Amino acid sequence: MLSDAPTLHVHDLTVPLGGRSVVRHVALDVRPGEFVTVLGGNGSGKSTLVRAATGLLPHTSGEVRLFGTPVADFRDWHRIGYVPQRPSAASGVPATVREIVTAGRLSRRRLLRPLRHADKAAVQAALTSVDLADRAGESVAELSGGQQQRVLIARALATEPDLLVLDEPTAGVDLEHQQLLARVLAAHAARGVAIVLVAHELGPLARLIDRVVVLRDGRVTFDGTPDAEAAAFAHSHDQHHPLDPNSGGARAVVLGPGWQAGERR
Amino acid sequence: MSLLAYDFMQRALMAALLTGLTAPAIGTYLVQKRLALLGDGIGHIALTGVALGLLTGQAPLLTAVIVAVAGATVIEVLRLRGRASGDVALALFFYGGIAAGVLLTGLAGGSAATLTSYLFGALTTVSDADLLLVVVLAALVLTVSLGLAPQLFAVCQDEEHARVSGMPVAAYSVLISVLAAVTVTLAMRTVGLLLVSALMVVPVAAAQQLTRAFRATLALAMALGVLAAVSGVWVSFSVNAAPGPTIVLLALAGFVVASPLGGWLRSRRGVTMPTDDLHDLHDLHDGKD
Ligand SMILES: Nc1ncnc2c1ncn2[C@@H]1O[C@H](COP(=O)(O)OP(=O)(O)OP(=O)(O)O)[C@@H](O)[C@H]1O
Ligand SMILES: [Mg+2]
């Protein structure tokens, strides 16, 4: 019966931050193999939503279930791969690309045990899928911003998760590597991995999207297929559109001014 | 060689060696978390512990460990709860610790001079009992900081990702602070409370001039720490100087040497670094077909 449960189930979720509700009465179900994107202007609550969905933030009302289990009781963290929204992968001490990606295996490792063959293989595969295998021994602090972003993606992929939560993973990533990421994510989705992507610019990822959720001021203002969303958008705006099929894959799509209207002031 | 004939000298070298090994080990995690001055703050809290020992007639080392561990835990909890940023929480304890330390020592009938041996170390007065406690605490710190290295690395690198990996982040963060407190009090008799923070940070700063990996930084920092501590004891006894400052100045000398050396190493690596990381992507066609 648990196998029927959605990978991620969010119901009537309200999340407070700094004394006010930043996410309000949001519902979201993601099923195995489904690719959902969360759109919205700066401050619309996208990161807050995915952070509450991964148990990083407490919620005041509503419910979050991961693989059928309430998030407070959830223990199978190796089933979740998370890319936080972050400008840099570096910290106060040097660390190599491989060391950081290897941290993605922690949820699968037991205490005081060395890395197993499967761990090393998963790390290598993740490095290859973001095209950083030849930089594995370098210090992340000496990589460019986009390259560091790819390190964070590789860390999430190395977990070999059933649910991938990516918070603006392509910020600063060049088009060529976005196309590579699109192929990698498509392969994961085909294998039944559920994907939640927060983004402003969908670029080559646009053609993979099954469902679009648009947030504005912490509320869902749209939830449906990309086609329906494009129609709704065309109805109210003449702007260039993030899901524009004519530009998908060919060049990065930039959010039009219509989207910035969702920004908090 | 002749120096080793003295019992007090053997104990001094042993205590210095263990401090040189443990302080950079835990210091690496503090620097990674950008809490390099935590050791300093804990040192000041430990002063209150020393004074409490003097006041109650207990062993100052023991009361210092207890008070420092309690203080370190509170600092970390304040930080985790978001009640105060790391540096503000530190500052509160920094001043509170030194004020209470001096006040309590006065009440115990001692003077600031009584505290000096704890502030700057008193290697020659290390007793067998002191040394035993130092050995036990050092073994504890090393076991945890090396045995749990993958977990502590992940928690200090990226707290949010560590939590989504199922790590008990709060427990590990408090553990790191507690280990730092233990290390600081451990160093009370060698480099002293005022300078121990230097031995937690300076070898790490020197090591990272030369390294690209976390593990290598940790190992090199520990090696540099031992080198500075042991040679510092040796030099200080040979020229009749205070051991604590000698150890710290030698560690700083290590940084001064490592810094240009690291720059030179990096420029050499730069020559051999691949310039185009897209080279094997060119044969991948666009996935739209
Ligand atoms: N730590 C915090 N304390 C109080 N308010 C916060 C905090 N973090 C975020 N907020 C507020 O919550 C709202 C939503 O923030 P969130 O980070 O979820 O936005 P977002 O949609 O991810 O934006 P972006 O596109 O810039 O990443 C914003 O209005 C922000 O001001
Ligand atoms: Mg965000």
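As a basis for the values below, the full set of heavy atoms in this structure was taken, side chains included, without hydrogen atoms, waters or symmetry mates. In this text the structure is predicted, and so the values were computed from the model without any measurement. So that the names make sense, note that chain A is the first sequence line, chain B the second, and so on, each numbered from 1.
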Residue among R163(B), M167(B), Q208(B), H161(B) with most heavy-atom pairs under 4.5 Å to chain A: H161(B)
Distance in Å, D174(A) CG paired with R150(A) CZ, rounded so as to fall on 0.5 Å steps: 6.5 Å
Residue among A186(A), S91(A), S139(A) with most heavy-atom pairs under 4.5 Å to chain B: S91(A)
Minimum heavy-atom distance T60(A)-P16(A), with the two atoms named: CG2-CG, 3.4 Å
Inter-residue atom distance Q124(A).CD - D119(A).CG, 0.5 Å rounding: 13.0 Å
Chain B contacts, top residue of R75(A), H78(A), R86(A) (heavy-atom pairs, under 4.5 Å): R86(A)
Contacting moiety of Y29(B), where chain A heavy atoms sit under 4.5 Å: neither
R98(A) portion near chain B, given a 4.5 angstrom heavy-atom threshold: neither
Minimum heavy-atom distance between L202(A) and Q178(A), given as atom pair plus value: O-OE1, 4.3 Å
Chain B contact via A90(A) - which portion, at a heavy-atom distance below 4.5 Å: backbone
Leading residue by heavy atom contact count with chain A [cutoff under 4.5 Å; candidates V169(B), L218(B), T217(B)]: T217(B)
T170(A) side-chain N/O to V173(A) backbone N/O, donor-acceptor pair under 3.5 Å: no
Top contributor to chain B interface from P161(A), P84(A), A182(A), G137(A) [non-hydrogen pairs under 4.5 Å]: G137(A)
From CA spacing to verdict: side-chain contact (heavy atoms from CB on, under 4.5 Å), D210(A), V36(A): CA-CA 6 Å; D210(A) 297 315; V36(A) 175; 5.9 Å; no
E99(A) side-chain N/O to R215(B) backbone N/O, donor-acceptor pair under 3.5 Å: yes
Chain B contact via R105(A) - which portion, at a heavy-atom distance below 4.5 Å: neither
Contact leader toward chain B among V83(A), I80(A), I100(A), V140(A), where contacts are heavy-atom pairs under 4.5 Å: I100(A)
